[in-house]
Amino acid sequence: MTHISPHPGSPSPARVPVVVIGAGPAGLTVGNILRAASVDCVVLETESREFIEQRPRAGVIEEWAVRALEQRGLADNLLERAGRHTACEFRFDGSGHRFPYTQLTGRHHFVYPQPLLVTDLVHEYADRRGGDIRFGVRDVRLHDTDTDHPSVSYLCPASGERRLIHCDFVAGCDGARGVSRSTLTARERARVARHDYGIGWLALLAEAPPSSDCVLFGVHPRGFAGHMPRSPEVTRYYLQCPPGDDPENWPHEHVWPELRQRLAASGNPPLTEGRLLEKRVLDMHDYVVEPMASGRLLLAGDAAHLTAPIAAKGMNLALHDAFLLGDALAMYLAKGDDSGLAGYSEACLRRVWDYQEFSQWLSDVYHGTASGDPYRAGTTLARLRRLFTSPAAAAAFAEQYLGTAAHY
Ligand code: RFL
């Protein structure tokens, strides 16, 4: 039988109100909100601090999410250092078509690489708010989450011993490959809705300055291409490719001519090339877990729903969940008010489904001209032209692109 130790020789408590699994944007935001409300919690993370502070991923944060971080004292560095984007540009039929969303709405996007946000959130949680975070844990297991006395156990990296923490709630924030989702979906406590686009994207990070001041979407018969500025020195690029393609099929000398061709627009300078720092193939798919909570286990972020990076929504949804979950747990544990917890899943899922629908719409636009179907290609170009001829269509697109709807 495995020996389970409630932290022998450890000053850490063997009981806390909340165990947070995963130190991504969702888990760290929940942890920070709880610390600010003087609710104790433990964050468990399988990777090291150095690793999570460098893992490259998202870059675009919506303005409402930045304001919500700011209200919680979590956006000082972000507000000082993040880029502000005011437009995006679609490139099709050999021309660039700039979509000036800030001019239309007064709102903008923030560009702040995810590892910088994670670094800020860890620093605030662990170094400034004195939060308990355990890195490098192994084989995390959830126990009795359907009862009022759940617990979480894990293998301690230093001793190899199994440690057990009793708690009132488990916040499952361990991303797409964690253990929380399968605990919730086991024994049919929740339904998982899935969508597969049947498309791959080669995700690239280039050591090259951006070639435009804004995000570029190349809608081309050879396939989609994207250009996303990340910093003055680094640019993210995407190239549509077959799902499951081998990144080794895409050496430097193939990548750059393909990007140049798919992002071509008359009157624009050629792309600035650079060393490829990251090269991986993402198979575009989505899932949504409904409901996002059962018993004392509540999911947040990619653990509950995955949105292919088509519309750059995943981290924004993770933050939205985390604000609601952190506030709901704090309200219950500090004041006994369970209204936030009761409405948590439904409140998250309304925005989740709205963003899913937008990603699906945008996927049709990005990939329609390369589908090989002249009918789809024709309707794709009609949709694109409408954004630049119809103020109503432009306003609807801007609202979804920026996530600014008054209600979801
Ligand atoms: P994360 O960030 O995956 O964090 C989960 C954490 O849990 C840890 N973990 C475990 N810990 C304990 N026990 C276990 N059993 C564990 N299993 C895993 C992991 O090590 C990790 O530290 O999930 P979270 O917090 O929900 O955040 C979600 C976002 O990371 C994700 O949605 C975005 O990165 C998606 N995304 C984008 N979102 C945007 O909003 N804007 C963008 O511009 C954007 N660009 C992107 C993206 C995702 C990408 N990839 C790699 C799929 C670009 C790319 C290329």
Side-chain angles (χ1 to χ4, degrees), residues 1-31 34 40-55 57 114-115 118 121-122 125-126 131-190 192 280 287 289 292-306 318 321-322 325 329:
M1 201 181 94
T2 320
H3 175 62
I4 297 184
S5 151
H7 309 286
S10 156
S12 312
R15 178 173 185 87
V16 284
V18 183
V19 174
V20 178
I21 307 181
L28 291 166
T29 302
V30 170
L34 293 175
D40 281 336
C41 61
V42 171
V43 178
L44 299 177
E45 167 60 49
T46 43
E47 303 291 350
S48 66
R49 181 167 181 168
E50 297 67 38
F51 182 87
I52 64 163
E53 289 182 345
Q54 284 166 21
R55 180 170 45 197
R57 279 192 182 172
Q114 184 167 333
V118 166
L121 293 173
V122 176
Y125 175 77
D132 184 341
I133 181 162
R134 301 175 192 178
F135 291 103
V137 300
R138 292 276 162 264
D139 193 19
V140 174
R141 295 182 194 171
L142 282 58
H143 312 281
D144 304 321
T145 53
D146 274 345
T147 71
D148 290 346
H149 44 270
S151 58
V152 178
S153 70
Y154 64 93
L155 292 181
C156 167
S159 66
E161 264 187 56
R162 184 159 286 280
R163 300 279 171 89
L164 181 70
I165 312 175
H166 293 281
C167 55
D168 297 314
F169 291 96
V170 180
C173 307
D174 46 353
R177 295 192 183 83
V179 291
S180 305
R181 188 171 65 260
S182 52
T183 305
L184 193 89
T185 54
R187 297 198 291 277
E188 296 174 359
R189 289 187 195 97
V192 188
R280 50 192 292 215
Y287 60 74
V289 176
M292 287 168 52
S294 174
R296 293 298 182 105
L297 171 62
L298 302 104
L299 304 185
D302 280 8
H305 40 75
L306 193 77
D321 294 350
L325 181 54
L329 286 169

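Scanning both residues, A26 and A322, for their nearest heavy atoms gives O-CB, 3.5 Å. Considering all non-hydrogen atoms of both residues, L306 and A176 come closest at CD1-CB, 4.0 Å. The two residues V43 and A23 make their nearest non-hydrogen contact at CG1-CB, 4.0 Å. Here the closest heavy-atom approach between residue P17 and residue C167 is recorded as O-CB, 3.7 Å. Taking both residues in full, the closest heavy atoms of S153 and R162 are given as OG-NH1, 2.8 Å, listed atom of the first, atom of the second, then distance. When all heavy atoms of L155 and G160 are compared, the closest pair comes out as CD2-O, 3.7 Å.
For the pair R49 and I133, the minimum side-chain heavy-atom distance is 4.5 Å or more. In this structure the side chain of R138 reaches within 4.5 angstrom of the side chain of T46, judged on heavy atoms. Side-chain contact between V16 and C41: absent, with no pair of heavy atoms (C-beta onward) separated by less than 4.5 Å. Proximity of T145 to S294: side-chain heavy atoms (C-beta onward) are nowhere separated by under 4.5 Å. At least one side-chain heavy atom of R15 sits under 4.5 Å from a side-chain heavy atom of D168. In this structure the side chain of D146 reaches within 4.5 angstrom of the side chain of R189, judged on heavy atoms. Looking only at side-chain heavy atoms (C-beta outward), M292 and L325 stay at 4.5 Å or farther from each other. A 4.5 Å side-chain heavy-atom check between V118 and R55 finds every atom pair outside the cut-off.
Figure legend: cation-pi geometry between R296 and F169, with NZ or CZ positioned under 6.0 Å from the six-membered ring centre and within 45° of its axis.
With rounding to the nearest 0.5 Å, the separation of OG in S151 from CG in L164 is 4.5 Å. I21 CD1 to L142 CG: the interatomic distance, rounded to the nearest 0.5 Å, is 4.0 Å. Rounding to the nearest 0.5 Å places NE2 of H166 at 9.5 Å from NE2 of H143. To the nearest 0.5 Å, the span separating CG on L298 from CG on L329 amounts to 6.0 Å.
Checking side-chain atoms of Y125 against main-chain N and O of D132 turns up a donor-acceptor pair under 3.5 Å. Counting only distance, with no hydrogens or angles, the side chain of Q114 and the backbone of R57 share no donor-acceptor pair below 3.5 Å. Between the side chain of D174 and the backbone N or O of V179, at least one donor-acceptor pair lies under 3.5 Å.
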Exercise. Given V42 and Y154, is the side-chain contact (heavy atoms from CB on, under 4.5 Å) satisfied, shown in steps?
Worked result: CA-CA 12 Å; V42 171; Y154 64 93; over 6 Å; no
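No option in T183, T185, L184 other than T185 meets the side chain to side chain contact (heavy atoms under 4.5 Å, CB included) test with R181.
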